[in-house]
S.K.: 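Attaching a single structure in structure tokens format; questions to follow.
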Protein chains: 2
Amino acid sequence: MNLDYIIPNPWSIIEEGFNPDQVKASESLFSIGNGAMGQRANFEETYSGPTFQGSYIAGVYYPDKTRVGWWKNGYPEYFAKVLNAPNWIGINVLVNNEQLDLFTCKSVKKFRRELNMKEGWLSRSFIATLQNDIEVEVFTKRFLSLENDEVGAIDFNIKPLNADAVITFQPYLDSGITNEDTNWDDKFWDTLNVSHENNQAFIQAKTMKTDFYTCTFMESQVFIDGKSVLIEPNIKADANLASFSYKHQVKQNETYSIHKFGGYLVDRNHSKNDFVKVAKSVLKEATETGFTELLNNQKMAWAKIWDMSDITIDGDVKAQQGIRFNIFHLNQTYLGTDATLNIGPKGFTGEKYGGSTYWDTEAYCIPFYMATKDQSVARTLLTYRYKHLDKAIENAQKLGFKNGAALYPMVTMNGEECHNEWEITFEEIHRNGAIAFAIFNYYRYTGDYSYIPEMGLEVLIGIARFWHQRATFSTDKNKYVILGVTGPNEYENNVNNNWYTNYIAQWCINYALENIDKVKEGFEDDYNRISGKTKISHEELAQWKKVADNMYFPYSEKHNVYLQQDGFLDKELITVEDLDTSQRPINQKWSWDRILRSPYIKQADTLQGMYFFEDQFTTEELERHFDFYEPFTVHESSLSPCVHSIQAAKLDRMDQAYTFYLRTSRLDLDDYNHEVHEGLHITSMAGTWMSIVEGFGGMRVKNDTLTFEPKIPEQWEGYSFKVNFRHQILKVSVNHNETHFELEGDTDLEIRVNDKLVTISPNNMVTV
Amino acid sequence: MNLDYIIPNPWSIIEEGFNPDQVKASESLFSIGNGAMGQRANFEETYSGPTFQGSYIAGVYYPDKTRVGWWKNGYPEYFAKVLNAPNWIGINVLVNNEQLDLFTCKSVKKFRRELNMKEGWLSRSFIATLQNDIEVEVFTKRFLSLENDEVGAIDFNIKPLNADAVITFQPYLDSGITNEDTNWDDKFWDTLNVSHENNQAFIQAKTMKTDFYTCTFMESQVFIDGKSVLIEPNIKADANLASFSYKHQVKQNETYSIHKFGGYLVDRNHSKNDFVKVAKSVLKEATETGFTELLNNQKMAWAKIWDMSDITIDGDVKAQQGIRFNIFHLNQTYLGTDATLNIGPKGFTGEKYGGSTYWDTEAYCIPFYMATKDQSVARTLLTYRYKHLDKAIENAQKLGFKNGAALYPMVTMNGEECHNEWEITFEEIHRNGAIAFAIFNYYRYTGDYSYIPEMGLEVLIGIARFWHQRATFSTDKNKYVILGVTGPNEYENNVNNNWYTNYIAQWCINYALENIDKVKEGFEDDYNRISGKTKISHEELAQWKKVADNMYFPYSEKHNVYLQQDGFLDKELITVEDLDTSQRPINQKWSWDRILRSPYIKQADTLQGMYFFEDQFTTEELERHFDFYEPFTVHESSLSPCVHSIQAAKLDRMDQAYTFYLRTSRLDLDDYNHEVHEGLHITSMAGTWMSIVEGFGGMRVKNDTLTFEPKIPEQWEGYSFKVNFRHQILKVSVNHNETHFELEGDTDLEIRVNDKLVTISPNNMVTV
């Protein structure tokens with residue numbers, strides 16, 4: 001734990017007291033988003049202290065030219081950067097001609113920031129004394145509308161406390177912005193037009209290279225003590241900026257307010273020729289609705305989201321705050337409404353890593369969206385990969401594969417690989433497995449087989465072909481081996497026979513074979529279409545099977561465990577507990593070679609495999625592997641503690657499960673990994689959800705039946721969650737004595753609780 | 001083989017006919033140097049076609065900020081770039097106001113370029129028709145003086161053939177130059193002063209960051225038909241340029257000539273305040289001596305070098321040309337006169353790779369310099385590393401080592417590491433072994449033990465400490481293992497128990513222990529100084545010994561060979577012969593992962609170890625390993641074919657030895673690796689020398705005795721070489737029937753030829 005300033009509260013993230021050292025961290029933590037756009041919690045007014053300015057539009061990126069020291073064949077030419085978009089939230093505030101700037105104020109008192117997760121808004125209040133000794137009280141509130149995801153609204157209020165003062169609001173749009181993350185300091189935006197009309201302004205700009213056309217817009221209204229006043233603004237417009245000045249002589253204790261409405265249009269949704277017309281109509285609707293009513297609508301929209309996705313935890317406010325923080329940010333990042341979008345690792349809270357789609361989507365996020373949204377959302381996420389299949393086949397071709405073998409990229413925006421470390425880009429190929437697993441998982445959970453004949457089978461065939469070709473035969477072992485990979489544990493590079501990779505490779509082939517048969521039997525038209533397109537033959541399938549049937553898995557007889565990879569036992573097996581704390585986090589203290597030859601595991605690897613395929617291992621097997629690997633795991637990946645929490649809960653190690661739960665749910669709030677200033681870890685937040693529902697709740701689907709093995713950490717009085725299972729909504733509430741089930745639906749649902757069949761009737765609480 | 005345009009000739013490199021596509025390759029091949037400076041064979045006059053301009057000053061470099069995609073702890077901040085220095089060779093030539101430019105001429109006839117290796121000069125002649133239809137005949141000659149290594153001279157002659165013409169020579173100095181190899185397009189040079197006086201000009205410039213102060217200077221004389229003429233030049237001087245224009249109305253068939261003298265002073269050798277004064281005196285001496293006399297001195301200086309280092313090959317002019325090309329460039333690059341310099345991988349012929357010192361120096365170059373120069377030269381090269389010991393200790397500390405463990409850098413200019421790929425920088429640690437081996441090799445060859453107590457032992461202790469700490473104990477194997485390394489074969493990264501690395505690690509420890517004992521017994525004062533400084537203890541030495549005695553070596557019982565590394569036998573063992581030629585060179589065709597999981601070997605690895613430590617293996621063992629590894633070796637490193645040639649000769653496989661010899665000796669002349677335009681492979685040229693002397697000649701030192709096992713490829717009539725062995729010079733001439741030995745020295749020399757003791761008396765040929 002690295003930070004401890006967030007005030008525990010069940011529904012809000014709260015910071016009190018102004019600390020410039022925390023500004024960047026808070027800018028991440030208090031970020032807001034609505035799926036279509038999002039922004040770091042930058043101040044509206046000028047701030048001259050250290051800050052990381054970021055406002056992002058979903059799906060708008062820039063292919064930054066790859067930068068490496070030593071080029072290697074096969075590296076992608078470009079890296080898709082998350083792109084800081086034109087600023088529409090800015091409101092410079094002048095008090096007697098002095099800029100309000102918290103970094104230079106003589107004093108800042110009663111500073112308070114709140115991210116209200118229940119209602120979906122961000123507020124800030126403080127009393128500041130400027131260099132000119134004017135003391136002002138400020139209150140701001142801001143949100144990005146869920147109802148109309150092209151618009152956001154700001155309510156900014158200022159009151160001079162110790163004198164009358166001339167106060168100027170300068171709301172502006174600015175497209176002269178830069179990126180934190182850039183390889184060559186390229187210019188990313190080309191501003192095409194800056195215009196204004198009445199109280200409205202518009203900046204039309206397109207991204208360089210990708211030619212995403214956007215329109216950033218704003219309109220403002222000003223008030224004295226809540227009453228609208230008409231002030232003729234002084235207007236400034238130049239190549240990248242449109243700024244309006246609303247100047248007013250404000251009396252002591254009078255409140256001067258501005259409502260600023262703004263946002264983005266993108267040419268994905270509108271013709272770029274209509275931008276100004278559409279922006280005017282968006283602004284007209286927003287200003288006519290007004291800030292207060294828009295905010296009411298926002299509360300209602302969030303209430304709807306929470307009704308389905310909320311998890312309650314009683315008796316442990318930090319745990320409660322943690323899980324809601326995770327669920328809130330997931331919903332801010334991705335709502336499943338646009339099939340071209342995906343779930344970037346930092347969402348709208350930072351730029352690091354770039355790209356929007358990692359294996360995190362399939363391995364971590366799909367279960368959350370599957371259970372808390374309509375199942376079409378998960379299907380949309382699967383379809384996203386289906387649409388990238390051709391690119392995945394191209395990507396594999398670049399690396400020497402043929403015959404339709406598909407290797408999905410490690411990082412992508414548009415289906416093309418954009419990562420460029422050989423040990424990741426070329427070798428972390430297990431990502432392919434998660435994409436196949438998600439298809440299986442979707443069908444297992446939703447029962448919707450139709451996706452497989454329609455789209456999934458082609459993906460499965462491409463992936464199976466990849467594994468078939470990637471495995472090679474070892475004469476020495478008389479088995480198929482997979483050499484030179486990086487497993488989920490990225491603290492091992494270029495290893496041979498990573499157990500997880502070999503296992504999922506075998507599984508992918510078998511699952512593809514199984515579904516080829518199923519589609520052949522049940523969906524003749526689809527089968528003919530697919531077999532015509534992919535030209536699969538009996539001979540080829542027989543070859544696949546040979547590889548799957550003869551896959552090698554490293555195993556230690558002595559320890560009775562599968563080995564993470566060949567040679568793991570040659571390491572100096574000193575547990576994390578015995579490692580001097582001054583050496584941690586090792587990724588900040590050690591050179592890479594030292595990390596690689598150590599036994600330390602960044603994130604679940606063998607245990608990740610046993611999580612995916614738990615039905616195929618006994619609890620005793622899981623326990624042996626957990627006991628063997630957990631002591632070497634440093635959890636320096638955000639994706640690690642959630643899986644360990646689930647596995648610990650399964651093994652009835654509730655204290656460990658609880659510790660891991662806190663670590664995953666408060667990873668960013670408490671900044672475990674010393675990096676929250678760079679943005680939040682969005683995708684691992686879905687892992688946090690899993691650690692409650694699948695970990696403590698023990699929820700699984702087995703043989704088409706929803707099953708639970710509820711457990712509860714002793715620190716909690718109770719917890720509850722809801723899942724949408726095959727169009728029926730089941731609420732599960734667990735306390736130390738019993739578990740309650742309530743069903744919203746039309747027909748009975750048969751579930752299994754601790755191996756006992758239980759029938760739940762609609763609107764009738766069942767207690768087990 | 002990729003190029004085949006160099007005309008075979010025993011003493012010269014000759015190109016005939018002008019081909020713009022070959023310009024860059026020829027600029028590399030015809031490079032000249034004198035140990036202190038060197039330059040690519042750029043034209044004096046303007047050339048607007050594709051060219052790679054390069055003029056380099058030994059020891060003058062620039063720490064370019066490291067560029068990587070993904071930073072890793074321990075990476076060096078800077079990379080020492082070889083730096084293109086101000087241009088002093090430039091002479092623009094205007095013919096009736098049109099620039100002479102071979103790229104734009106209407107025709108170029110009788111183009112001929114010659115690098116005369118015997119005498120050390122570069123010439124060029126051609127007949128060109130300019131756009132203005134004036135036909136001119138041009139002849140140029142240029143050399144960098146060995147006698148005074150701060151100066152070079154150019155003789156440029158032009159004769160209008162079809163009309164009178166106004167011809168202007170514009171000799172210039174230009175410090176506004178750029179680098180081919182740059183990470184951030186930094187400005188590398190800061191020009192401090194441009195001045196001129198009479199026919200002389202001076203540019204004083206310093207390198208950015210490193211503050212190497214230099215003075216580039218020139219003076220010119222012009223002639224008509226060989227007779228000096230006085231022409232008042234028109235002088236232009238600006239921020240980075242000094243240019244003199246000598247304009248003359250030249251009659252048809254009259255020859256207008258310019259002698260330009262120029263060069264560099266560096267503040268390593270002179271106070272920067274005296275630069276202009278010293279430059280004037282250098283120019284005075286050069287102009288007074290005159291071009292012709294300077295050239296005569298150059299011939300004599302080269303005659304002296306060749307007298308000692310020449311290798312003759314009869315009956316195979318390409319082989320003869322190849323070996324002289326190698327010996328010539330080695331002597332152009334490094335002469336052993338300056339203890340701060342070393343042998344850069346591209347010498348003065350290019351910029352790629354940067355740095356000046358690699359393990360190549362110890363593993364390949366020292367044997368050449370030891371046998372063809374005074375033994376002080378080899379000692380100077382060893383001392384260079386001794387002076388870098390503190391930096392090597394610092395370097396190891398950055399990677400987590402302690403207690404004086406030393407890791408020498410992979411690439412360096414000043415002792416600091418400047419390479420930045422983790423798999424090389426952090427893992428290619430075998431380089432440390434070569435540095436210890438060179439100490440052993442120096443003593444073995446020269447018999448000069450004094451270096452060890454004076455300096456070498458401290459280096460050996462630092463290196464032994466490194467290996468002791470770097471090896472870890474594998475409980476599983478009950479042996480010490482060395483995990484996560486890159487061996488000499490860089491087509492394997494992050495492997496465990498690379499046999500070569502483990503072997504040399506063990507050897508280094510044992511050799512350090514042996515010499516600690518020897519110094520203790522024979523050099524008490526040195527021992528006390530060193531043990532006081534290094535604080536070695538009995539306990540520590542016992543720990544070292546434990547590691548050395550229990551080192552693990554991967555071995556295959558089935559194949560009866562040591563394995564290049566753990567897991568080698570899991571690969572698909574398809575030989576190079578069975579690999580489709582369309583796939584080669586694999587480093588230009590395959591992505592890195594594919595190379596890594598293949599069995600293909602870039603350069604001798606296990607076989608390199610058996611070369612260093614041949615006494616410790618039987619010929620049968622060598623043969624088994626050669627038969628096992630050679631078929632997988634692609635020789636995509638310049639350092640590979642020489643070792644294979646030596647080993648093949650040892651195994652009496654003369655055809656193979658000959659093929660490898662041609663490949664190593666004509667690597668650049670025939671451009672085997674498709675990269676000669678980037679510069680030459682200087683350090684591997686010493687390997688070529690070894691392939692004759694140690695390969696065919698079978699020269700070794702065993703028990704203080706020089707031994708030979710002469711062999712000869714059937715393609716040759718005979719060959720001869722000379723070696724300086726312990727201050728006695730022995731000439732060895734081999735033909736198919738016998739070997740002749742001649743001794744230049746005062747006392748008898750006892751040698752061993754094919755295991756027979758032979759006594760050679762001075763000046764008395766002995767035939768065996």
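Only a predicted model underlies this, so the values are computations on that prediction, with no experimental measurement involved. What you see below is based on every heavy atom in this structure, not just the backbone, and it leaves out hydrogens, waters and symmetry mates.
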S.K.: Among K398(A), E423(A), K589(A), single out the residue with the greatest number of heavy-atom pairs under 4.5 Å to chain B.
M.R.: E423(A)
S.K.: Should R597(A) and R470(B) count as side-chain neighbours, where that means a heavy-atom distance under 4.5 Å?
M.R.: yes
S.K.: Using a cut-off of under 4.5 Å for heavy-atom pairs, which of E572(A), E421(A), E427(A), R594(A) has the most such pairs with chain B?
M.R.: E421(A)
S.K.: Less than 6.0 Å separating the ring centroids of W590(A) and W422(B)?
M.R.: no
S.K.: Quick check on K571(B) against chain A: is it the side chain, the backbone, both or neither that has a heavy atom closer than 4.5 Å?
M.R.: both
S.K.: Tell me, out of F473(A), F426(A), Y75(A), who's got the most heavy-atom pairs with chain B below 4.5 Å.
M.R.: F426(A)
S.K.: Answer yes or no: is there a side-chain heavy-atom contact under 4.5 Å between D566(B) and D570(A)?
M.R.: yes
S.K.: Is it the side chain or the backbone of F568(A) that comes within 4.5 Å of chain B heavy atoms, both, or neither?
M.R.: neither
S.K.: Of the backbone (N, CA, C, O) and the side chain (C-beta and beyond), which part of F401(B) lies under 4.5 Å from a heavy atom of chain A, both, or neither?
M.R.: side chain
S.K.: Count the heavy-atom pairs under 4.5 Å between each of G484(A), G567(A), S556(A), G400(A) and chain B, then report the option with the highest count.
M.R.: G400(A)
S.K.: Please check if the number of heavy atoms outside K72(A) that lie under 6.0 Å from its NZ is greater than 12.
M.R.: yes
S.K.: Can you confirm whether K479(B) is buried at NZ, in the sense that more than 12 heavy atoms of other residues, nucleotides or ligands lie under 6.0 Å from that atom?
M.R.: yes
S.K.: Using non-hydrogen atoms and a 4.5 Å limit, figure out which bit of I424(B) sits close to chain A: side chain, backbone, both or neither.
M.R.: neither
S.K.: Quick one: does N73(B)'s side chain have a donor or acceptor within less than 3.5 Å of a partner on N587(A)'s backbone?
M.R.: yes
S.K.: Give me the atom names and distance for the closest heavy-atom approach of L569(B) to S474(A).
M.R.: O-OG, 4.0 Å
S.K.: Could you check whether any side-chain N or O of D593(A) sits under 3.5 Å from a backbone N or O of V485(B), counting only pairs where one atom can act as donor and the other as acceptor?
M.R.: no
S.K.: Heavy-atom distances under 4.5 Å only: say whether I482(A) touches chain B with side chain, backbone, both or neither.
M.R.: neither
S.K.: Can you tell which part of L596(A) gets under 4.5 Å to a heavy atom of chain B, answering side chain, backbone, both or neither?
M.R.: side chain
S.K.: With a 4.5 angstrom heavy-atom cut-off, could you sort out which part of H419(B) is near chain A: side chain, backbone, both or neither?
M.R.: side chain
S.K.: Where along residues 492-505 of chain B does a heavy atom come under 4.5 Å of chain A, listed by residue number?
M.R.: N493(B), N494(B), N497(B)
